[in-house]
K.L.:
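The structure follows.
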Amino acid sequence: MKPSTSEVRQMFLNFFHKKGHKIISSSSLIPKNDPTILFTNAGMNQFKDIFLGKDQRNYSRATSSQRCVRAGGKHNDLEKVGFTPKHHTFFEMLGNFSFGDYFKHEAIAFSWELLTSPHWFNLPKEKLWVTVYEGDNETFNIWKKDIGVLPNQIIRIGDKKNALYDSDNFWSMGETGPCGPSSEIFFDHGPKIVGNPPGTSGEDGDRYVEIWNIVFMQFNRQLNGTMLPLPQSCVDTGMGLERITAILQNVHSNYKIDIFTKLIQSVAETIGTTDLNNKSLHVIADHIRSCAFLIADGVIPSNDNQAYVLRRLIRRAVHHGKMLGSKETFFFKLVDPLIAIMNINDNNFIKKKKHIEKILQTEEEQYAKNIERGISLLNTEITQLSDRTLGGDIVFRLYDTFGLPLEWTEGICKQHNIEIDKIGFEYAMTQQRQQARNSSRFYAKNQNAIYTTQSSIFKGYEYLQLQTVITAININGNTVETIRPGKNGIIFLESTPCYAESGGQIGDSGNLYDKKNSHFSVHDTQKYSQAIGHSGQMITGELHIGDTVIIQVNEQKRKRICLNHSSTHLLQATLQQVLGKHVEQKGSLVSDSSLRFDFSHYKPMTLEEIHTVEEIINSKIRLNSRIETHVMKLEDAKSYGAISLFNETYSDYVRVLKISDFSIELCGGTHAKRTGDIGLFHLRSESSVAAGVRRIEAVTGDKALLILQKENEQLLNITNLLKANRYNIYEKIHSFINHTHNLEEKIKTLYQQKALETKNLLANNFMTIKGVQILVYTLNNLEPKLLHIIVKKLKNQLKSGIIVLANIIDEKVFIIASVTSDLTGRIQACSIIEILAKKIDGKGGGHPNIAQAMGFNITTLPKALIDIKEWLSENL
Ligand code: SER
């Protein structure tokens, strides 16, 4: 009997449970508080802090089946998905973990027993191959002597190209964090499948498939490459559920296991195709898993980070659907079959089913609209083309802004006999990747690389100033004893009134003094595991670990933050009242200058709704109700009716914030005492962040007044400038716009006139070389657009001839060469341009009929044009 995927998962967990491991549920796909990875990429992620010695549990052995996404960041399989039998963007990783408990010997023995014992997976021993990190003799000997694997089936794998620790047998979670040498187990699918053993050429084939990675966690990799030893040696293993299931179900591809066979069948039925072997079905079946689970874990398609990957995955799936002939929105229809086939009973997922479908549907519809807009833009560009090549920047814009895949643009262009500038496209793509890298937050904000085993007590609910003791000081990632003037660093305190950034509320700033008047200015406060760090600069004197200090919060700033934070609670309750109960908080940013609140809602708010929201909130402010906080058990908070946010994991006791009976929410932030403190709430903007998510930005208190005054001042300035008043300003601007429009029309007519005049002037400057009419001429400061119009007009008049027109503008030279079709057998425009481009230090290209160049050397232009005349007379 072949076990089902669910049975394989359960067998694995049971085996390790029997061996004293605690079964732990999968964590979210979105790493919590970990900027070093984009998605949860391995079973060990949720245990990272235990490996690092920053967290402790009441168990030292654990086992789990972890949802993983490998579609971005360090471990990224996206491009391979669908085209190999073993890669996925979403998969489940079975794992067992030891936190300073057992090490190499037991870890290997466990894996062997589970794989080969007739009571468990019962795999033939001779089909299993193993790899070890090159110098790891201990592991080699365990496999050889204790387990009895034949030495020729134990392969040592070293570092790649002499890069230390860059090896298939050295596993790291990200650029920083826990890592160590590993030993991998491979299954030989037999000679019918192409591929060679690991470590040999041809290892990329699919015959020998890695099924289990056993990592001996020993180091914490730092950003500069240093390997710090972990406080204790640990074990982290990972086995892809889909791969082991394929072996146990006796199939050679993950896409042939029970769940994928059914999912693929469902995709095919939904789209209406019968070609079950089409690889596009694999891609869609894979992507519906990652997309649905990512949305369930709180991601919404948008343009950066995880949200961008999700958007790409959805678009990719839709694109493959189109290739299979789908005519209508189909992707969201796969959520139902997915739940049934994977037997998903996770509460969070089931609760969000409608939301997942809605997001997928909206994104797919929006993508279809984008594509339509892209295609219409492409058609306009095609009609306006003066040569037969579509510029790389346009192709890139179609791809990036409208999501038009390169092959579509290429296909449409081909129908019109137009080529696309692939080099230009690649260039624009590289530029964008570079920019994305520069703005990536994943390696830049590396606060987790700094850690301390200290913990701090937050006392900022009651105090704005208190006396405490310095427990640690960190400068540039290193722990130091003393901090001296001018130095930037992070100071950790036993207790602090400073709020560390969390729940959308920014960190406090303030000042730290000692009795000798040493002064450290705190610019920001952040959490570092259990400790609260105050980052800033030492201004005068010096401070040492163990010093008693006074820490003071910047009171003015904190007050403003409190007003904004309490206002977000009023805002959420008001939005639910005005727009409906579907409104859910999706994110927020509360600072001293403003507040930002993202929430689920499927269409823009009307002006009337915006005004109603403002009116309700301001009326609540005028009621001047008390804002109360109560600390209570989580269970009690739920029955009290408190709204909780996202998928946050709360501790047993929670803070509940209550504003009369209007708003009751769990919240750890700091707040105003009464609603009246807020003074004034002014909604500044309402916009879209992603499909189904809107964003409100607002200001409160003295900032709101200041902004209204500034806007009033601006309005006064505008009315003065336009000699209007606030009652007729709208009409006045309207008439200005009309006036501008009329002027633009006049300019267009003038352009045409100028083009005609220039053309007439040029028509007298043709010379004849070997019976061919030739014009070589330089113009100055001509609008680049005009150059094309003039060439077209000349060509129409000429019927047969060669035109080379240069235009000097803004210290650049533009050249167009045009050759009528009857002459392209003798001379081509692109050859003319090739010669000229070089001479003016520029670049160019085009077709036999028309080509153009742009260059920077104005001084060489006259000689270049003389030379080209000579060249023409020699080559005609
Ligand atoms: N962390 C290792 C991997 O992902 C083993 O679990 O392969």
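Hydrogens, waters and symmetry mates are skipped; everything else that's a heavy atom, side chains included, is used. Residue indices begin at 1 and follow the sequence shown.
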K.L.:
If you apply the rule salt bridge (Lys or Arg N to Asp or Glu O under 4.0 Å), what do you find for Glu106 with Arg61, and how did you get there?
P.N.:
CA-CA 12 Å; Glu106 296 89 326; Arg61 297 177 176 204; 5.7 Å; no
K.L.:
Can you tell me if Gln66 uses its side chain to pair, donor with acceptor, with the backbone of Ser27 under 3.5 Å?
P.N.:
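Checking the backbone N and O of Ser27 against the side chain of Gln66, a donor-acceptor pair under 3.5 Å is found.
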K.L.:
Is Asp236 reaching over with its side chain to a backbone N or O of Val215, donor-acceptor style, under 3.5 angstrom?
P.N.:
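Checking the backbone N and O of Val215 against the side chain of Asp236, no donor-acceptor pair under 3.5 Å is found.
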K.L.:
Between Gln526 (side chain) and Gly507 (backbone), is there a donor-acceptor pair under 3.5 Å?
P.N.:
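No; zero donor-acceptor contacts below 3.5 Å.
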K.L.:
Answer yes or no: is there a donor N or O on one side and an acceptor on the other, between the side chain of Ser456 and the main chain of Ile532, under 3.5 Å?
P.N.:
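A pair under 3.5 Å: yes.
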K.L.:
For the atom pair OG (Ser183) and CD1 (Ile154), what is the distance rounded to the nearest 0.5 Å?
P.N.:
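Ser183 atom OG to Ile154 atom CD1 measures 8.5 Å (nearest 0.5 Å).
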K.L.:
Main chain of Asn474, side chain of Thr479: is a donor-acceptor contact present, judged purely on distance under 3.5 Å?
P.N.:
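No, because the side chain of Thr479 does not come within donor-acceptor range (under 3.5 Å) of the backbone of Asn474.
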K.L.:
For the atom pair CD (Glu184) and CD1 (Ile157), what is the distance rounded to the nearest 0.5 Å?
P.N.:
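Reported value, rounded in 0.5 Å steps: 8.0 Å.
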K.L.:
For the aromatic rings, using the six-membered ring if either is Trp, is the centroid distance between Phe103 and His105 under 6.0 Å?
P.N.:
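No, the ring centres sit 6.0 Å or more apart.
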K.L.:
Give, for atom CD of Glu210 and atom CG of Asp168, the distance between the pair rounded to the nearest 0.5 Å.
P.N.:
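Reported to 0.5 Å precision, the distance equals 8.5 Å.
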K.L.:
Counting heavy atoms not belonging to Gln56, are there more than 12 under 6.0 Å from its CD?
P.N.:
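Check fails, neighbour count at 12 or below.
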K.L.:
Minimum heavy-atom separation for Ser28 and Arg67, please, with both atom names.
P.N.:
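So the two residues come closest at CA-NH2, 4.0 Å.
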K.L.:
Only pairs at least two apart or in different chains count here, so list each salt bridge (Lys or Arg N to Asp or Glu O under 4.0 Å) that has a residue in residues 539-549.
P.N.:
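Sorted pair list: Arg484-Glu542.
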K.L.:
Do Asn137 and Asn141 have side-chain atoms, one donor and one acceptor, less than 3.5 Å apart?
P.N.:
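No donor-acceptor contact under 3.5 Å links the two side chains.
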K.L.:
What's the verdict on side chain to side chain contact (heavy atoms under 4.5 Å, CB included) for Trp143 and Ile185, showing C-alpha distance, side-chain angles and the deciding distance?
P.N.:
CA-CA 11 Å; Trp143 283 118; Ile185 305 175; 3.8 Å; yes
K.L.:
NZ of Lys127: more than 12 outside heavy atoms within 6.0 angstrom?
P.N.:
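Yes, because the 6.0 Å sphere around NZ of Lys127 holds more than 12 heavy atoms from other groups.
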K.L.:
Is a side-chain N or O of Asn220 found less than 3.5 angstrom from the main chain of Leu230, in a donor-acceptor match?
P.N.:
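No: the side chain of Asn220 does not pair with the backbone of Leu230.
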K.L.:
Shortest non-hydrogen contact from Leu466 to Lys459?
P.N.:
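Looking at all heavy atoms of both residues, the closest pair is CD2-CB, 3.7 Å.
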K.L.:
Does some side-chain heavy atom of Ile30 sit less than 4.5 Å from a side-chain heavy atom of Val299?
P.N.:
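A side-chain contact under 4.5 Å exists here.
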K.L.:
Measuring from atom SG of Cys498 to atom CG of Leu512, what distance do you get when rounded to the nearest 0.5 angstrom?
P.N.:
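Going from the SG atom of Cys498 to the CG atom of Leu512 covers 7.5 Å.
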K.L.:
Give a yes or no on whether the backbone of Ala296 and the side-chain of Asn348 come within a donor-acceptor separation of less than 3.5 Å.
P.N.:
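Here the side-chain-to-backbone pair exists.
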K.L.:
What distance separates Ile211 CD1 from Leu123 CG, expressed to the nearest 0.5 Å?
P.N.:
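Atom-to-atom, Ile211:CD1 and Leu123:CG are 6.0 Å apart.
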K.L.:
Ignoring hydrogens and geometry beyond distance, is a side-chain donor-acceptor pair present between Gln46 and Thr40 at under 3.5 Å?
P.N.:
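Not at all, the side chains of Gln46 and Thr40 share no donor-acceptor pair under 3.5 Å.
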K.L.:
So which heavy atom on Glu126 is nearest to which on Gln153, and how close?
P.N.:
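Distance-wise, the nearest heavy atoms are O-NE2, 3.3 Å.
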K.L.:
Measure the acute angle between the ring planes of Phe99 and Phe97, then classify it against the limits of 30° and 60° as parallel, tilted or perpendicular.
P.N.:
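Geometry flag for Phe97 against Phe99: parallel rings.
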K.L.:
Just wondering, more than 12 heavy atoms not from Tyr59 lying within 6.0 Å of its OH?
P.N.:
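Counting neighbours around OH of Tyr59, more than 12 heavy atoms of other residues, nucleotides or ligands fall under 6.0 Å, so yes.
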K.L.:
Inspect the surroundings of NE2 in His523 and state if more than 12 heavy atoms from other residues, nucleotides or ligands are less than 6.0 Å away.
P.N.:
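Counting neighbours around NE2 of His523, more than 12 heavy atoms of other residues, nucleotides or ligands fall under 6.0 Å, so yes.
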K.L.:
Assess the side chains of Thr548 and Gln467: does a donor N or O sit below 3.5 Å from an acceptor N or O?
P.N.:
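Result is no, nothing qualifies.
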K.L.:
Quick one about Thr237 and Asn96 (side-chain donor to acceptor, distance below 3.5 Å, no hydrogens or angles considered), yes or no?
P.N.:
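Yes, side-chain donor-acceptor contact under 3.5 Å.
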K.L.:
Quick check: Phe15 with Phe121 (ring centres under 6.0 Å apart)?
P.N.:
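Here the rings of Phe15 and Phe121 have centres that are no less than 6.0 Å from each other.
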K.L.:
Could you tell me the separation between the NE2 atom of His534 and the CG atom of Asn511, rounded to the nearest 0.5 Å?
P.N.:
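Between atom NE2 of His534 and atom CG of Asn511 there are 11.5 Å.
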K.L.:
Hey, can you tell me if Tyr528 and Phe492 have their rings parallel, tilted or perpendicular (30° and 60° cut-offs)?
P.N.:
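Perpendicular, since the angle between the ring planes exceeds 60°.
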K.L.:
Are Tyr133 and Phe170 close enough that their ring centers fall under 6.0 Å?
P.N.:
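Yes: the rings meet the under 6.0 Å criterion.
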K.L.:
Ignoring hydrogens, what is the shortest heavy-atom contact between Tyr499 and Gly669? Give both atom names and the distance.
P.N.:
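Looks like OH-CA, 3.7 Å.
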K.L.:
Does a donor on one side chain and an acceptor on the other come within less than 3.5 Å for Asp524 and Ser535?
P.N.:
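Short answer, no.
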K.L.:
With a 3.5 Å cut-off and no angle check, do the side chains of Thr482 and His544 form a donor-acceptor pair?
P.N.:
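Yes, His544 and Thr482 have a side-chain donor paired with an acceptor closer than 3.5 Å.
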K.L.:
Indicate the atoms forming the closest heavy-atom contact of Gly43 with Cys68, along with that distance.
P.N.:
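Gly43 and Cys68 have their closest heavy atoms at N-SG, 4.4 Å.
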K.L.:
Could you give all pairs that pass the ring-ring contact (aromatic ring centres under 6.0 Å, His included) test and reach residues 219-242, with sequence neighbours left out?
P.N.:
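Output for this query is empty, none listed.
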K.L.:
Testing Lys144, Lys104, Lys145 one by one against Glu138 for a salt bridge (Lys or Arg N to Asp or Glu O under 4.0 Å), which residue passes?
P.N.:
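The residue from Lys144, Lys104, Lys145 that satisfies salt bridge (Lys or Arg N to Asp or Glu O under 4.0 Å) with Glu138 turns out to be Lys104.
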K.L.:
On the 0 to 90° scale, with breaks at 30° and 60°, tag the Tyr102-Phe110 ring pair as parallel, tilted or perpendicular.
P.N.:
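Perpendicular.
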K.L.:
Check whether any side-chain N or O of Ser182 sits under 3.5 Å from a backbone N or O of Asn213 as a donor-acceptor pair, and report yes or no.
P.N.:
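Checking the backbone N and O of Asn213 against the side chain of Ser182, no donor-acceptor pair under 3.5 Å is found.
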K.L.:
Do Arg70 and Phe91 form a cation-pi contact, if we require the NZ or CZ to be under 6.0 Å from the six-membered ring centre and within 45 degrees of the ring's axis?
P.N.:
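Cation-pi check for Arg70 and Phe91: fails.
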K.L.:
Counting N and O atoms only, with roles assigned by atom type, does the side chain of Ser64 sit under 3.5 Å from a partner on the main chain of Ser26, one being a donor and the other an acceptor?
P.N.:
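No, Ser64 side chain to Ser26 backbone: no donor-acceptor pair under 3.5 Å.
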K.L.:
Distance-only, no hydrogens or angles: does the Arg243 side chain make a donor-acceptor pair with backbone N or O of Lys86 under 3.5 Å?
P.N.:
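Answer holds: yes.
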K.L.:
Which heavy atom of His21 sits nearest a heavy atom of Ala62, and at what distance?
P.N.:
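Closest pair (atom of His21, atom of Ala62, distance): CD2-O, 3.2 Å.
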